[in-house]
Structure formats: C-alpha cells, structure tokens
Colleague: 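Submitted below is the structure of interest, expressed as structure tokens.
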Amino acid sequence: MSSIKKRIGRFGRRYGGRPFEAVVRFVHNAYGMANDMIETVRICGKHFVAGPEDAGFYDRYYTAKPASGIVDASSERAELKRGIICMYDGRIVHGGLTDRIRGLLTTYREAKRRGLPFYIYWDTPFELADYLEPAEVDWRIDRRELSFYKEEAYPVIIQDMSHLNNKFRLDAALFRARPQTHVYSNADNARGEYAGLYNELFKPTAALQSLVDSHLAELGTGYEAFAFRFMSLLGDFDDCSGEILRGKEYDDFIEKVIGEFRKRIESLPDDRRILVTSDSRKFLDMALAMDSRIYVAPGLVKHIDRDRGNHEDAWMKTFVDQQLLMHAEKVTQMITGKMYNSGFPRFAAEVGGTQYVLHRF
C-alpha cells in the first residue's frame, strides 16, 4: 500500500489537478475500508492485536479471571445476565444525550430483530433511570450483574463511523457472541424508526413528567421551537471545538443570528408561543429579551460528556428541552457560520412526530 501511495504522489507532483485528487480520494477510502475490514475480522474472532485503540480499552477493563462489575470486593457477585448491554459508564467519550440514545436505539433494534435480551447500563454522569424509566421493555441492569471476564463479556466500540461499518461491527460482535456483549455506541442507523423504538423503551419519570407538564401549561398548544447549537463559539459552553469568537467577529456573528431569528419569529402569529433551546445560556438570555412570546426552560446548560459531576439541574434541563421539542408543532434548527448541525432537535422532532426544518442562513 505504501508503494502505491508513493507512485501516486509522484504522479500528482508531475500532473496534479482534479484527476489526481480523485485518485487520492479513492486510495484513501480504499485504505480506510481495508482497515475497517481488518477490525471487523478481529471483532469476529473476539480478539485484538497490539496497537488498535480498542485493544488498549479491552486489556485495561477486561480481566483474564472471572470478575463482575462490583467495586467492593466483599460484595457478592450477582447472577450473570445474558444478552446485549449498551454501556455508558464513562470509560470512553460517549457523546451527548442524543448521540447516546440514538446509539442504544440502533442497538436495541438489532437485539429485537434477533430476539436477544437487551439492557442499558448508564451511570455517567447520572443514572438514566433518574430521568427515563422502562416502558414496555425492562432494560435495567445492576452493576453486579455485569461481567468483565473475557470469557463472559466482549466489548465493541461503534462510534462516529459509516452506517455500513456500524452494522458490520455490531454483527461481528454478535457472531459467536460471549454471554454478554457490551456495546459502546453512538450509531445513527435507525432513522425513521426512532419513535417506535424510543416509546418501547422509555417513558419520563414522574419527576421529569411533572416538570414537562408545567412547562406545557405555560406554552400551550401549537407552539413552535427554534434550536441553536453554538458549541464554544460564544465562550460560555465547553465543547470539543474550543473555538471562541471575539471582538468584531463575535459582534457581527451575534447580530447576524439575532437578525435572522427576529425575521423568522416576526412572521408568526402574535399569539404563537416560541420555545428556544440552545447550548449557550448567554444566547438564551438574549432570546428572552427579544420578544415576550419567547419561552426558555430555566436551568443551567452543561455537556454531559465534558462536565462531569453532580449537575442535576443541568441534566434535568437537557431532558426537559428534549421532551418539549418532542411536543412542539414545528422544530426549526438555525445554522450559520461555524454553528453545529446538531442531532438533538432533529431526533426530538422525529420521536415526537413533528415537522423538522434545518434553516441555514
């Protein structure tokens, strides 16, 4: 492969242009596909060679001797539960709320198709059961019912990959599967089916439902929602990009966003309430000052993967925002410049069966 790359490099230096760029893309994609296939074969065999990222994870957390998920050695090991277990335990960077839920719903769909027991272990940075509880399927599993013994459990990481690679990795992990298959996934492979899958697994806890009901009473029926995902651009949210706008660039950007938002809401009826969700508390406060029809669920704004710790107010707001988006008549995601095309509003709209619009300006 390296000799082929060298030849293409010489060709490019000599001729250049679009034909060369197309050849480079083809070779790069072919090389990536070859690596993906090698990883899939390793997963089928339930082993890793030294070097791949997953190997370090496997060797670090999984033992050669029987060991359950218990931390206290004096505790008794519970009976092993067999099946597929989606893991959100802080051992990797899992992604945000929607990333995680899409990953587990994609996995649940396959477990359901195969008739396999399905569980969710989610304890980082909060217990999922504090906000969502089982609906038709009891997905709960205690840490003592987990095994990290290599002969009993096998982990597979399925993150930020193509749909095809997502499927191949999960299929490979389930080939001659261990009693427990631990799936670390943010795969987005079940679009168009999320509503049914979500409603089979989840319903809000009494605490979450009570808050949602109180907000719905304020919003009334037929409200529209607008979602803004700035990442770190406004300087008040910790995200992976790390880029912060300053000075005139910041002022021009805010003026553009506020101006476009104002045009959108001015076209709405005077009695139409407007829900606004965002990862920037600073922007939410700006929005509230724009128009008396605008409604923002109170609470802090935190990223569930980057802000570890006890932030119950922020976690509850994240779930409340998601639920309120599900109940909106229409959800519009606003994007310009370096804003992020978030899956949060689109996913909520799909589960809620509401209209979703991606508005780029």
Colleague: Can you tell if the side chain of Tyr121 reaches within under 4.5 Å of the side chain of Arg140, non-hydrogen atoms only?
Modeller: no
Colleague: I'd like to know whether Thr336 forms a side-chain hydrogen bond (donor to acceptor under 3.5 Å, both in side chains) with Lys256, so could you lay out the CA-CA distance, the side-chain angles of the two residues, the decisive distance to 0.1 Å, and finally the verdict.
Modeller: CA-CA 9 Å; Thr336 190; Lys256 181 179 182 182; 3.0 Å; yes
Colleague: Which pair of non-hydrogen atoms, one from Thr98 and one from Gly343, has the smallest distance, and what is that distance?
Modeller: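 Looking at all heavy atoms of both residues, the closest pair is CG2-O, 3.6 Å.
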Colleague: If the test is salt bridge (Lys or Arg N to Asp or Glu O under 4.0 Å), which one of Arg114, Arg176, Arg113 qualifies with Asp171?
Modeller: Arg114
Colleague: Looking at Asp99 and Arg102, is there a salt bridge between them, counting it only when a charged N and a carboxylate O are closer than 4.0 Å?
Modeller: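 Salt bridge: yes.
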Colleague: Compare every heavy atom of Leu275 with every heavy atom of Leu324, then report the nearest pair and how far apart it is.
Modeller: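 That would be CB-CD2, 3.6 Å.
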Colleague: Are any side-chain N or O atoms of Ser278 and backbone N or O atoms of Phe228, one a donor and one an acceptor, separated by less than 3.5 Å?
Modeller: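 Flag set: sc Ser278 to bb Phe228 pair under 3.5 Å.
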Colleague: Quick one: are His94 and Asp89 in side-chain contact, heavy atoms under 4.5 Å?
Modeller: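 SC-SC contact between His94 and Asp89 confirmed.
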Colleague: Is the shortest heavy-atom distance from the side chain of Leu104 to the side chain of Trp122 under 4.5 Å?
Modeller: yes
Colleague: Any side-chain heavy-atom pair from Met286 and Ile254 closer than 4.5 angstrom?
Modeller: yes
Colleague: Between Arg272 and Glu329, does a side chain to side chain contact (heavy atoms under 4.5 Å, CB included) hold up when you go through it step by step?
Modeller: CA-CA 11 Å; Arg272 182 71 52 85; Glu329 183 175 281; 3.8 Å; yes
Colleague: Does some side-chain heavy atom of Ile84 sit less than 4.5 Å from a side-chain heavy atom of Tyr119?
Modeller: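 No, side chains not in contact.
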Colleague: Could you tell me if the side chain of Phe126 sits less than 4.5 Å from the side chain of Tyr88, heavy atoms only?
Modeller: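 Counting from C-beta outward, Tyr88 and Phe126 never come under 4.5 Å.
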Colleague: Determine whether the aromatic ring centres of residues Phe347 and Tyr194 are separated by less than 6.0 angstrom.
Modeller: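 Under 6.0 Å, so yes.
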Colleague: Enter the distance from Trp139:CH2 to Leu132:CG here, rounded to the nearest 0.5 Å.
Modeller: 6.5 Å
Colleague: Do you know which two heavy atoms are closest between Gly235 and Ile244, and how far apart they sit?
Modeller: CA-CG2, 3.8 Å
Colleague: Apply salt bridge (Lys or Arg N to Asp or Glu O under 4.0 Å) to the pair Asp313 and Lys317, showing each step before the final yes or no.
Modeller: CA-CA 6 Å; Asp313 177 69; Lys317 174 173 169 54; over 6 Å; no
Colleague: Side chain to side chain contact (heavy atoms under 4.5 Å, CB included) for Gln355 and Val331? Distances and angles first, verdict last.
Modeller: CA-CA 6 Å; Gln355 181 185 2; Val331 175; over 6 Å; no
Colleague: With Arg246 as the cation and Phe253 as the aromatic partner, state whether NZ or CZ is under 6.0 Å from the six-membered ring centre and within 45° of the axis.
Modeller: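 No, Arg246 does not lie over the aromatic ring of Phe253.
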Colleague: So, do Phe148 and His182 have ring centers that fall under 6.0 Å from each other?
Modeller: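 Between Phe148 and His182, the centre distance is under 6.0 Å.
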Colleague: Does Gln180 reach the main-chain N or O of Ile85 with its side chain, forming a donor-acceptor pair under 3.5 Å?
Modeller: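 No.
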Colleague: Evaluate Ile38 against Thr40 for side chain to side chain contact (heavy atoms under 4.5 Å, CB included), listing each step before the verdict.
Modeller: CA-CA 5 Å; Ile38 291 171; Thr40 300; over 6 Å; no
Colleague: Does atom CD of Glu255 have more than 12 heavy-atom neighbours from other groups under 6.0 Å away?
Modeller: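 Counting neighbours around CD of Glu255, 12 or fewer heavy atoms of other residues, nucleotides or ligands fall under 6.0 Å, so no.
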Colleague: Let me confirm one number: the CZ-CG distance from Phe118 to Asp138, rounded to the nearest 0.5 Å.
Modeller: 12.0 Å
Colleague: Do Val276 and Met334 come close enough that some side-chain heavy atom pair is under 4.5 Å?
Modeller: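 The answer is no, as the side chains (C-beta and beyond) never meet within the 4.5 Å cut-off.
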Colleague: Phe237 and Phe230: ring pair (Phe, Tyr, Trp, His ring centres under 6.0 Å), yes or no, with the steps?
Modeller: CA-CA 8 Å; Phe237 188 76; Phe230 295 101; over 10 Å; no
Colleague: Any chance you could measure Leu197, atom CG, to Phe202, atom CZ, to the nearest 0.5 Å?
Modeller: 10.0 Å
Colleague: Using 0.5 Å steps for rounding, measure from the CD atom of Glu39 to the CD1 atom of Ile157.
Modeller: 10.0 Å
Colleague: Looking just at side-chain N and O atoms, do His359 and Glu260 make a donor-acceptor pair shorter than 3.5 Å?
Modeller: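 Judged by distance alone, the side chains do pair up.
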Colleague: Could Lys46 and Tyr154 be counted as a cation-pi pair, given that NZ or CZ must be under 6.0 Å from the ring centre and within 45° of the axis?
Modeller: yes
Colleague: Given Lys338 and Glu243, is the salt bridge (Lys or Arg N to Asp or Glu O under 4.0 Å) satisfied, shown in steps?
Modeller: CA-CA 9 Å; Lys338 296 177 181 179; Glu243 182 176 357; 2.6 Å; yes
Colleague: Look up atom OH in Tyr223 and atom CD in Glu218, then write down how far apart they are to the nearest 0.5 Å.
Modeller: 12.5 Å
Colleague: Specify the closest pair of heavy atoms between Glu136 and Asn199, including all atoms of both residues, with the distance to one decimal.
Modeller: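 For Glu136 versus Asn199, the nearest heavy atoms are OE2-O, 4.3 Å.
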Colleague: Evaluate the salt bridge (Lys or Arg N to Asp or Glu O under 4.0 Å) criterion for residues Arg178 and Glu152: first the C-alpha distance (whole Å), next the side-chain angles of each, then the deciding distance (0.1 Å), finally the verdict.
Modeller: CA-CA 5 Å; Arg178 300 283 194 265; Glu152 293 179 343; over 6 Å; no
Colleague: Quick one: do Leu234 and Met339 end up in the same hydrophobic cluster if we chain Ile, Leu, Val, Met, Phe, Trp and Tyr together by side-chain heavy atoms under 4.5 Å apart?
Modeller: yes
Colleague: Is there a salt bridge (Lys or Arg N to Asp or Glu O under 4.0 Å) between Arg100 and Asp305 once you walk through the steps?
Modeller: CA-CA 10 Å; Arg100 299 180 185 209; Asp305 234 348; 3.2 Å; yes
Colleague: With side chains defined as the heavy atoms from C-beta onward, is the minimum distance between Leu233 and Tyr340 less than 4.5 Å?
Modeller: no
Colleague: Please evaluate residues Ile294 and Ile265 with respect to the criterion side chain to side chain contact (heavy atoms under 4.5 Å, CB included), reporting the C-alpha separation (whole Å), side-chain torsions for both, the decisive distance (0.1 Å), and the verdict.
Modeller: CA-CA 9 Å; Ile294 291 176; Ile265 64 176; 4.1 Å; yes
Colleague: Decide whether Ser232 and Asp239 meet the rule of one side-chain donor and one side-chain acceptor closer than 3.5 Å.
Modeller: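 There is no such pair between these side chains.
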Colleague: Should Met231 and Phe344 be regarded as members of a common hydrophobic cluster, given that ILVMFWY residues are connected when their side-chain heavy atoms come within less than 4.5 Å of each other, either directly or indirectly?
Modeller: no
Colleague: Nearest 0.5 Å please: distance from the CZ atom of Phe175 over to the CD1 atom of Ile43.
Modeller: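 Rounded to the nearest 0.5 Å, the CZ-CD1 separation comes to 13.0 Å.
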Colleague: Do Leu268 and Met290 share a hydrophobic cluster, counting only Ile, Leu, Val, Met, Phe, Trp and Tyr and linking them when any side-chain heavy atoms are less than 4.5 Å apart?
Modeller: yes
Colleague: Is the side chain of His163 donor-acceptor paired with the backbone N or O of Asp188 at a distance under 3.5 Å, no angle test?
Modeller: yes
Colleague: Is it true that Leu211 and Leu300 fall in one hydrophobic cluster, defined by side-chain heavy atoms closer than 4.5 Å?
Modeller: no
Colleague: For the CZ atom on Arg293, are there more than 12 heavy atoms of other groups (residues, nucleotides or ligands in this structure) within a distance under 6.0 Å?
Modeller: yes
Colleague: Do Val93 and Tyr184 share a hydrophobic cluster, counting only Ile, Leu, Val, Met, Phe, Trp and Tyr and linking them when any side-chain heavy atoms are less than 4.5 Å apart?
Modeller: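 Val93 and Tyr184: separate clusters.
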Colleague: Using 4.0 Å as the upper bound for N to carboxylate O, is an ion pair formed by Glu200 and Lys112?
Modeller: yes
Colleague: I would like to know whether Glu350 and Tyr356 meet side-chain hydrogen bond (donor to acceptor under 3.5 Å, both in side chains); could you show each step before the answer?
Modeller: CA-CA 8 Å; Glu350 179 177 337; Tyr356 169 75; over 6 Å; no
Colleague: For Lys302 and Ala314, which heavy atoms make the closest approach, and how far apart are they?
Modeller: CG-CB, 3.4 Å
Colleague: Does a sphere of radius 6.0 Å around CD in Glu312 hold more than 12 heavy atoms from other residues, nucleotides or ligands, not counting ones at 6.0 Å or beyond?
Modeller: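 Atom CD in Glu312 is not packed in, count stays at 12 or less.
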Colleague: Do Thr354 and Lys330 have side-chain N/O donor and acceptor atoms under 3.5 Å apart?
Modeller: no
